[in-house]
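Written below as structure tokens is the structure these notes are about.
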Amino acid sequence: MKKCKVLSKECKDLTYESNFMRLHSQRTSTMVGYLVQSSRLFGQLTSDLVSGLDPKPTQDFLNFLPQPAWIVATVNGGLVLCTPEKRRDGPFYICKPTTQQWEVVPSPNPRFWTAKISMLVLGSNPLWFKIVRLSDSRDDTIDLELDLDSECSNEEDNFNVFSNEKSWHCEIFDSKSWEWRQSDDLKLTHNDYFECNQDVSACGALHWLVFNDKQDKYTKYTMLSFDGDKEEWAMTSLPDSLRGNDHCDQIAPVSCEGKLGLIHLRQETKMLDVWILNYEKIWIKKHTINLKSLHEKVPLPRSRIHSFYGVDTLFMVDVGSVSFYNFRTRKLNRIRVGGWIKSAYFIQTDSEPVKLKPE
């Protein structure tokens, strides 16, 4: 797949077509689909593989790990980051499901509680990846005993009350050194919140959608990005038409043809706008998709758009099912998944062994 993408722009565009992805997967040992995590009876957590090629999910896809695990991040190269089911803050497993290889990633600082954790690959030969962990700075004092008679403590508390700045502890795991290190804190405001969307890895960076609730009726959205190579944070404004939108509309970051994209579903008209951020950091509207016929089959917003499976196919998540919808042919493929779906992660990988941990 990587070789096809570097041949020419035409070949690169072709690799994102769902028909090409299907044929390539059938004729090679490539696996493409989504790892869907759900909660079943008695709180049992499962990770199943669903694909547009198979009407039935492959259940318990991570059963080769030494104990039940919960996925926290994936990357397009097929690596999966997960943690033991009952220990959400590590230690972690980094694995490649198609080869059933895995290694233990040590736990980060146990003093902090994980708010966001993501992963990106910066090199494939040799493999080089980084894991980024954000922790809420307020949680580092939960287990500390407050000294109410301390004047210094009161002064610090007053400062935190009147300051609008909010710090997020940032830790980075580098596969080259195989250890965690503290990075500079991420500085936001107390009015900034992470949207309930998964991050997007594109163009060597991680991206989150952040909203600011300072306004009463409307929400101001921005895109928060972390450059994996420079290890720097940046904020990008959304298109003017999206910067103040009603909560009824769905706005979410997506990966679109290898670039950072953005979708805006207008609930009133059932029209989906797709935006792409170009290399000049300018949002370009790629196209608008009419989803009225889809709404008749799968009511929106009960089924939320999760991501693009291919350039012509949307992947959607419902309470107990997922759907692949080709908006060019208007073909809908719905797959039942047992239990209450908690999350879904795109995965596309071959079956070639990889050296996860350096010697």
Side-chain angles (χ1 to χ4, degrees), residues 1 4-22 24 32 34 52 76 120 195 197-211 220-225 234-246 248-295 298 300-301 303-317 323-332 344 346 348:
M1 185 70 77
C4 292
K5 291 181 179 179
V6 298
L7 286 176
S8 65
K9 183 181 183 302
E10 290 75 16
C11 289
K12 181 179 180 180
D13 293 343
L14 185 63
T15 62
Y16 295 106
E17 297 282 345
S18 59
N19 283 337
F20 181 90
M21 295 169 63
R22 176 178 55 82
H24 184 268
V32 58
Y34 287 85
N76 288 349
L120 75 167
E195 262 285 17
N197 297 301
Q198 293 172 359
D199 63 279
V200 171
S201 176
C203 303
L206 295 168
H207 311 274
W208 294 265
L209 189 63
V210 176
F211 69 92
K220 180 181 178 182
Y221 290 92
T222 54
M223 191 70 72
L224 172 67
S225 301
M235 300 285 282
T236 303
S237 298
L238 269 58
D240 291 341
S241 60
L242 303 184
R243 294 180 65 181
N245 264 277
D246 202 326
C248 293
D249 289 356
Q250 180 186 353
I251 299 177
V254 293
S255 177
C256 189
E257 300 181 47
K259 303 182 182 69
L260 175 62
L262 192 71
I263 58 170
H264 175 209
L265 175 61
R266 289 171 278 167
Q267 294 293 349
E268 185 176 353
T269 61
K270 301 299 182 280
M271 303 296 287
L272 181 72
D273 295 327
V274 182
W275 299 76
I276 299 290
L277 187 67
N278 65 13
Y279 293 107
E280 288 77 32
K281 304 298 181 183
I282 299 174
W283 291 102
I284 306 297
K285 184 183 284 189
K286 182 176 177 63
H287 49 225
T288 298
I289 306 169
N290 190 333
L291 296 182
K292 290 182 178 179
S293 60
L294 171 64
H295 178 65
V298 182
L300 302 170
S303 288
R304 292 185 63 84
I305 298 173
H306 179 278
S307 58
F308 280 96
Y309 171 73
V311 70
D312 54 0
T313 303
L314 295 172
F315 178 74
M316 297 172 296
V317 176
S323 301
F324 295 85
Y325 178 68
N326 189 311
F327 49 82
R328 291 178 181 171
T329 62
R330 296 188 177 181
K331 181 180 179 180
L332 177 68
F346 179 76
Q348 185 175 22

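Throughout, numbering of the chain's residues begins at 1 and tracks the sequence.
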Closest approach of [X] and [Y], non-hydrogen atoms and distance?
| X | Y | answer |
| --- | --- | --- |
| N326 | R328 | OD1-N, 2.9 Å |
| S307 | V254 | CA-CG1, 4.1 Å |
| S323 | L332 | CB-CD1, 3.8 Å |
| L120 | G204 | CD1-O, 3.5 Å |
| W283 | L262 | CZ3-CB, 3.8 Å |
| V32 | Y309 | CG1-OH, 3.7 Å |

With sequence neighbours excluded, residues passing ring pair (Phe, Tyr, Trp, His ring centres under 6.0 Å) with Y34: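 For Y34 the ring pair (Phe, Tyr, Trp, His ring centres under 6.0 Å) partners, ignoring immediate neighbours, are H306, F315, F346.
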
Heavy-atom side-chain proximity of [X] to [Y] below 4.5 angstrom:
| X | Y | result |
| --- | --- | --- |
| L272 | L314 | yes |
| S225 | L206 | no |
| S255 | F308 | no |
| L238 | I251 | yes |
| M316 | L294 | yes |

Is the backbone N or O of A344 less than 3.5 Å from a side-chain atom of Q198, with the two atoms forming a donor-acceptor pair by type?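 Yes; at least one donor-acceptor contact below 3.5 Å.
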
Verify, without hydrogens or angle tests, whether K270 (side chain) and Q267 (backbone) share a donor-acceptor contact under 3.5 angstrom.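 Present.
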
Look up atom CG in L224 and atom OG1 in T236, then write down how far apart they are to the nearest 0.5 Å.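 Between atom CG of L224 and atom OG1 of T236 there are 9.0 Å.
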
Kindly write out the residues that satisfy salt bridge (charged side-chain N to carboxylate O under 4.0 Å, His left out) with K286, not counting sequence neighbours, or none if the list is empty.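 Counting only residues at least two positions away or on another chain, K286 forms a salt bridge (charged side-chain N to carboxylate O under 4.0 Å, His left out) with E257.
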
With R330, which residues qualify under salt bridge (charged side-chain N to carboxylate O under 4.0 Å, His left out), at least two apart?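 Result, salt bridge (charged side-chain N to carboxylate O under 4.0 Å, His left out) vs R330: none returned.
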
Does T288 have any side chain to side chain contact (heavy atoms under 4.5 Å, CB included) partners at least two apart in sequence or in another chain, and if so, which?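 Expected list: R266, M271, D273, K285.
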
Which residues pass the side chain to side chain contact (heavy atoms under 4.5 Å, CB included) test with A202, sequence neighbours left out?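 Only V200, H207, L260 meet the side chain to side chain contact (heavy atoms under 4.5 Å, CB included) criterion with A202.
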
Does L265 form a side chain to side chain contact (heavy atoms under 4.5 Å, CB included) with D249? I'd like the steps, not just the answer. CA-CA 6 Å; L265 175 61; D249 289 356; over 6 Å; no

Under the criterion side chain to side chain contact (heavy atoms under 4.5 Å, CB included), I'd like the reasoning laid out for R304 against Q250: C-alpha separation, chi angles, the key distance, then a yes or no. CA-CA 8 Å; R304 292 185 63 84; Q250 180 186 353; 3.2 Å; yes

By side-chain hydrogen bond (donor to acceptor under 3.5 Å, both in side chains) - contacts of S293 (at least two apart):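 Partners of S293 under the side-chain hydrogen bond (donor to acceptor under 3.5 Å, both in side chains) test: Y325.
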
